[in-house]
Amino acid sequence: MTAGWGSDDNLFVAGCAVRGDNDPVTGYPTNYTGEQHVTTNGGGGGATIGVAVRQYTSASDDPDAFTLAASEFGRAYTLVIRPA
């Protein structure tokens, strides 16, 4: 993810969303903290969502992978938030 405004004290947010409620996130991208994950169980099977953040004085970051307890279909994303 690259911030359109360039290098600043940016907040990068890495997340993943995974099909399956019995497959918790067991590892987060390097240099990311504040790890959180939630699971939901619905009638169709449920989902797991994991998220972590990194405050980084840079215009871009490319976090490495999340680790899951089991192999599931999912998506990862990165957001960058500009400081006030």
Side-chain angles (χ1 to χ4, degrees):
M1 168 61 66
T2 300
W5 53 87
S7 182
D8 207 335
D9 196 15
N10 294 317
L11 181 66
F12 291 87
V13 180
C16 69
V18 182
R19 180 180 61 193
D21 60 344
N22 294 319
D23 307 315
V25 178
T26 57
Y28 293 82
T30 304
N31 298 318
Y32 279 69
T33 62
E35 301 93 349
Q36 297 289 317
H37 85 267
V38 295
T39 58
T40 62
N41 188 353
T48 297
I49 298 170
V51 66
V53 298
R54 180 181 189 191
Q55 193 164 350
Y56 188 35
T57 305
S58 178
S60 63
D61 194 28
D62 185 14
D64 53 7
F66 285 83
T67 306
L68 304 171
S71 179
E72 287 286 353
F73 176 77
R75 295 279 189 242
Y77 58 89
T78 306
L79 306 171
V80 60
I81 300 172
R82 188 177 194 174

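Only heavy atoms go into these numbers, but all of them, side chains included; no hydrogens, no water, no symmetry mates.
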Q: About how many Å separate CG of Leu68 and NE2 of His37, when rounded to the nearest 0.5 Å?
A: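 His37 NE2 to Leu68 CG: 10.0 Å, rounded to 0.5 Å.
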Q: Quick one: does Leu11's side chain get under 4.5 Å of Pro83's, heavy atoms only?
A: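 Side-chain contact under 4.5 Å: no.
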Q: Following the transitive rule for hydrophobic clusters with a side-chain heavy-atom cut-off under 4.5 Å over Ile, Leu, Val, Met, Phe, Trp and Tyr, establish whether Tyr28 and Val53 coincide in one cluster.
A: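 Different hydrophobic clusters.
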Q: Are any non-hydrogen side-chain atoms of Thr48 and Val25 less than 4.5 angstrom apart?
A: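 The answer is yes; the side chains approach within 4.5 Å.
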Q: To the nearest 0.5 Å, what is the distance between CG (Asn31) and CG (Asp64)?
A: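 If we round to the nearest 0.5 Å, Asn31:CG and Asp64:CG are 8.0 Å apart.
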Q: Just do the side chain to side chain contact (heavy atoms under 4.5 Å, CB included) check on Asp61 and Val80 with the steps written out, would you?
A: CA-CA 9 Å; Asp61 194 28; Val80 60; over 6 Å; no
Q: Out of curiosity, does Phe66 fall in the hydrophobic cluster containing Leu79 (side-chain heavy atoms, cut-off under 4.5 Å, transitive links)?
A: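 Shared cluster, no.
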Q: Testing Tyr32, Phe12, Tyr77 one by one against Pro63 for a side chain to side chain contact (heavy atoms under 4.5 Å, CB included), which residue passes?
A: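 The single option meeting the side chain to side chain contact (heavy atoms under 4.5 Å, CB included) with Pro63 is Tyr32.
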Q: Would you give the length of the straight line joining atom CD of Gln55 to atom CG of Asp8, rounded to the nearest 0.5 angstrom?
A: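 One gets 10.0 Å once the value is rounded to the nearest 0.5 Å.
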Q: Counting distance only, does the side-chain N/O of Asn10 pair as donor-acceptor with the main-chain N or O of Ser58 below 3.5 Å?
A: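 Yes: the side chain of Asn10 pairs with the backbone of Ser58.
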